[in-house]
Each structure stands twice: as structure tokens, then as C-alpha cells.
There are 2 protein chains.
Amino acid sequence: MSSVPRTPRTHRTRTPLSRERVLRAALDMADSTGLDSLTMRALGQALGVEAMSLYNYVEDKDDLLTGIVELVLSEIDLAPTAQDWRSDMRATAVSAHEALLRHPWATQLILSPPSAPAVSVRMGYIESILARLRKAGFTPEAASRGYHALDSHILGFTIWQLGHALPEDAPPDFVDTLMRQLDPDVFPYLMEHAGVHMKSSEVAEEGEFEFGLDLILDGLERYVRSTWNQA
Amino acid sequence: MSSVPRTPRTHRTRTPLSRERVLRAALDMADSTGLDSLTMRALGQALGVEAMSLYNYVEDKDDLLTGIVELVLSEIDLAPTAQDWRSDMRATAVSAHEALLRHPWATQLILSPPSAPAVSVRMGYIESILARLRKAGFTPEAASRGYHALDSHILGFTIWQLGHALPEDAPPDFVDTLMRQLDPDVFPYLMEHAGVHMKSSEVAEEGEFEFGLDLILDGLERYVRSTWNQA
DNA sequence: ACCTGAACACCGTTCAAGT
DNA sequence: ACCTGAACACCGTTCAAGT
């Protein structure tokens, strides 16, 4: 701890490799150039090392991907401090949505993991949602329902939204030319729909996530109230 | 059409290759052994041909995947014949959900396509939802909202549901051993949640899709009613 | 016209060998 | 202890050559 031999790191910033540094570099790579370009060989090169060295810090590529997903999930605010469960759930959902949008590759890794079940990485996240609802007086069944409804909306809407975003390399007239190819006799309402999109800003699209979120929160509120009335 | 030379197809069922036969075989392969095992080489072998021959019927692998997604989408009932928009939308949503569950690999291809935007394959589907809502008196804006809410729930919930399904090769005591590994002091509510799952049947899980669906339909109903009252 | 062998540029991963 | 060269078993895809 205290007697690290300090070699003068003049010509190379020879920061020693570590699992954390590998994961951080992998996350940066996925953020900047996409998940497809994150190969073991390219990641090695980015760290100034051959690909094989990475296996000293990571079990295999699956473990690498699991690790960077964990980093993304750690950005979510799991302990907002509002008075009521509804505001807390809303805050956590919005925080999760924002984190997932910051790392557009993450949602598909969570929902369609290359191999293992995703639940293990997300246990802390799931536990805190369940805990908040139970502590607000939800029955175990109602809390399970609530978690399902909220989580499927958070992840499901986000991946849907990302899948419908314009491709990064889209030319400015992308939507325009796409619409011109549509036969107005066959797809009249699709053209109208595109028109609605052109008028609305990004702010409006952000509203869509919260629109659905509030629908779910409304439904949960009614659902638990009816549960309480039964008792 | 009428003068096809009929070679006696005795020792080999030498059905000539065609795009349709290639796509059908690819879909069957994805259904039975998963998307990962669907390689050009394996598909060729299944059809009794070398992989390179497939490029006579399919532009590249992307085109192949687009093709089998189209087959899945064609299974959806886009023209139910109830009286009201709500029943029609509900029927189409349920039909879509069922088709996507029959082909568990399809939803991720729709939501995270390897390259191209997914909208092109789904135009007919989107158009028919928009058309049904507009014909029920929805404004263009309300119809857009409705389509977004419905489609994101259909695809988003389904991919969430599939991502949380037990792996195919799971041993019978999979959930049991997973729960035993959980520290009850750290994840008490997660354990309780697992307990709720053990008691409920598959039917109950099917109910979750319709629970969220009805929430959205309720919200849309209120939303358009308020729109009408304004006019 | 349709199919194939050989080849190319990639993957993830292993393992013995280096320092 | 950490890193590497060489190798293995795969990918998608091309292209000239076969029939």
C-alpha cells in the first residue's frame, strides 16, 4: 500500500491495468463508437495492450458486458427522498430512463443478455423498488405487480424509443426522403403521423415516457386503494 | 407454368431453392434452436446446400433477418371486426403479443435491428393502427400518441417478459437454488417477490400484459374524451 | 442460371512461452 | 504476476470457376 516503487512515468502514462480500468474503457468505447465496435481486440488496443491480456481482468466477453451494464445501473438514483411512494417511484423511473438514454447500448444488454439471466446484475435495483412499495403499505402481490408494471415500462419504453431514433449517420433530409418514398394512397395515416412528428420537439417526445409512467402510477394508485378497501 | 420437366425425384426431395423456402427454413431454425445458431453456413446445411448459394436469394444476412421478421409480423391480426376502437385495438395488441411469444427471437430484432431502421418492415402494421384510431375520431395528434403508447407496450412489455423468462435449459430447481443464494438480510423483498411468483401460474403472467394494456386503453379513452370536450 | 472451393478479413478464446 | 505470439474454431462475404 505504502511502498509502491515509483518508476518515472515519462514517455508513457503507464497506469497499470485493472478490472475497473478495463470496464471504464469498455464503457467509453460503447458510448462513443457503439456496441458492435467493442471487440476484445479493439479494447486491448485502446488500452495499449494485446487482447489476450484482458482475460486477466475479465472472465470472458460476457463478464465484460455484465460489468459495464452494472456501471450503468449504478448511475440510477435508487433512494429519492420525497414524502410519498408515488413521487419516489416517479423519480427513480425518470433517473433510470435518463441513465439508459446516456448509454443507448445498455438497454438491449439488460433485456436480451447474450447468455445469463439479467436478474443477478439488477438485484439491488429491483430490491429497492419492491422495498419502497412494501414500505408504503403495498401487499406483496401489489408490490410485485407494481414492480413489473414500472420496470417493464422503464426498460420497454426506452428500448422502443431508442429503436425508433434516427440513425446517428442520418443525413439531414432523412425523414424527408423517406416520406417521399411512401405512397400516400397506401400509407396516408403514416404520412400524417410523420407530419405530427416533424412539428413536435424532443421535449414532446420526452413527455411520452412520463405520459405512460403517469398512466401506470394512476393505475397502481387505484389498484392499491381497492386492495385497502377490501381489508 | 405448364411445361415443367418432371425429373423423377426419387432419392432426394429436390425442391428447388427459392427466397420463400430460404426464409421459411431460417424462421424454423430460429424458432427451434435460437437466433445465435442461425448462421449462413448452418442454414445452408439445413437446406442441403453450401452457404454461398443463399446469396442468390438473399442480399446478405441483414436481408435474411428482415425477411423472417416480416413473416412474424404477417401473423398479426390487423383487421379485427369489433364495433368499437377499443376492442379492435385490444384484439390487435393481443394478437401481436401472441405472435411475438411464438417467435421469441423476433422482438429483439424489431427493437434492436442489426443495422437499418425497423420502420420499413412494419409500415403496414403501423398504418393499420393509426387508421383505426383516426377512423374512430382521434385527432392526428391523439392517434400518434395512441400508436406510441400501444406499440411501445406491445413490444416493450413482450421483450421484458421474454428477458425474464427462465432459460430453456434451466434445471427444475433453478429458482430454488437461486433463492437459496440470496442473502435474506440484503434482499428480503426480492425473496418475497420470488415467493409471489412461485404461487402464480402462467395465466397470471399473461394477465400482466393485459393489465398494462387496459391501463393504456383507459388513459387513451380519457385523453380523447377530453379532446372532444374541448371542441 | 445456379452452385461451389478457396480465400479474405474478421471474431472470441486457449495455451505455452516469454519477461 | 502479467503479457504475448501463435493457433484454433468459428463468423459473413467475395469471386472466379465449375455445371
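Heavy atoms only: backbone and side chains are in, while hydrogens, waters and symmetry mates are out. Chain letters run A, B, ... following the sequence lines, proteins first and then strands; every chain starts at 1. Keep in mind the model is a prediction, meaning the values are calculated, not measured.
- For the pair B:Met40 CE and C:dT4 C1', the interatomic distance rounds to 14 Å; values are reported in whole Å.
- Heavy-atom distances under 4.0 Å link DNA chain C to A:Met52, A:Tyr55, A:Asp60, A:Lys61 of residues 51-68 of chain A, given in residue order.
- For the pair A:Arg19 CZ and D:dC2 C1', the computed distance is 17 Å after rounding to whole Å.
- Of the residues in residues 26-34 of chain A, not one comes within less than 4.0 Å of DNA chain C through any heavy atom.
- Listed by chain and number, the residues in a salt bridge (charged side-chain N to carboxylate O under 4.0 Å, His left out) with B:Glu210 are B:Arg90 (sequence neighbours excluded).
- The side chain of A:Arg41 lies closest to C:dT13, out of D:dT13, C:dT13, D:dT4.
- Pairs engaging residues 39-51 of chain B under the salt bridge (charged side-chain N to carboxylate O under 4.0 Å, His left out) rule: none recorded [sequence neighbours left out].
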Let me see the working for B:His164 and B:His197 under side chain to side chain donor-acceptor pair (under 3.5 Å), right down to the final yes or no. CA-CA 12 Å; B:His164 289 73; B:His197 265 273; over 6 Å; no
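- Rounding to whole angstrom units, CD of residue A:Glu50 and P of C:dG18 are separated by 17 Å.
- Take B:Asp63 and apply the side-chain contact (heavy atoms from CB on, under 4.5 Å) test, not counting sequence neighbours, and it matches B:Arg19, B:Val58, B:Glu59, B:Asp60.
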Taking Watson-Crick and G-U wobble contacts under 3.5 angstrom, with | marking pairs to another strand and [ ] crossing pairs, the secondary structure of DNA chain D is written ||.|||||...|||||.||
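- For A:Asp36, there are no side-chain contact (heavy atoms from CB on, under 4.5 Å) partners, not counting sequence neighbours.
- The closest side-chain donor-acceptor pair between B:Gln161 and B:His97 falls under 3.5 angstrom.
- The separation between A:Gln45 atom CD and C:dC10 atom C1' is 14 Å, rounded to whole Å.
- Considering only residues two or more places apart in sequence or on other chains, A:Phe157 meets the ring-ring contact (aromatic ring centres under 6.0 Å, His included) condition with A:His153, A:Phe209.
- The salt bridge (charged side-chain N to carboxylate O under 4.0 Å, His left out) test applied to A:Glu192 returns B:Arg134, not counting sequence neighbours.
- Every salt bridge (charged side-chain N to carboxylate O under 4.0 Å, His left out) that B:Asp88 has, sequence neighbours left out, goes to B:Arg132.
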Side-chain atoms of residues 66-76 of chain A: list all donor-acceptor pairs with protein atoms under 3.5 Å, sequence neighbours left out, distances to 0.1 Å.
{"residue": "A:Thr66", "atom": "OG1", "partner": "A:Asp62", "partner atom": "O", "Å": "2.9"}
{"residue": "A:Ser74", "atom": "OG", "partner": "A:Leu71", "partner atom": "O", "Å": "2.6"}
{"residue": "A:Glu75", "atom": "OE1", "partner": "A:Arg102", "partner atom": "NE", "Å": "3.1"}
{"residue": "A:Glu75", "atom": "OE1", "partner": "A:Arg102", "partner atom": "NH2", "Å": "3.0"}
{"residue": "A:Glu75", "atom": "OE1", "partner": "A:His103", "partner atom": "NE2", "Å": "3.2"}
{"residue": "A:Glu75", "atom": "OE2", "partner": "A:His103", "partner atom": "NE2", "Å": "2.9"}

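- Every residue was checked against the salt bridge (charged side-chain N to carboxylate O under 4.0 Å, His left out) condition with A:Asp77, not counting sequence neighbours, and none meets it.
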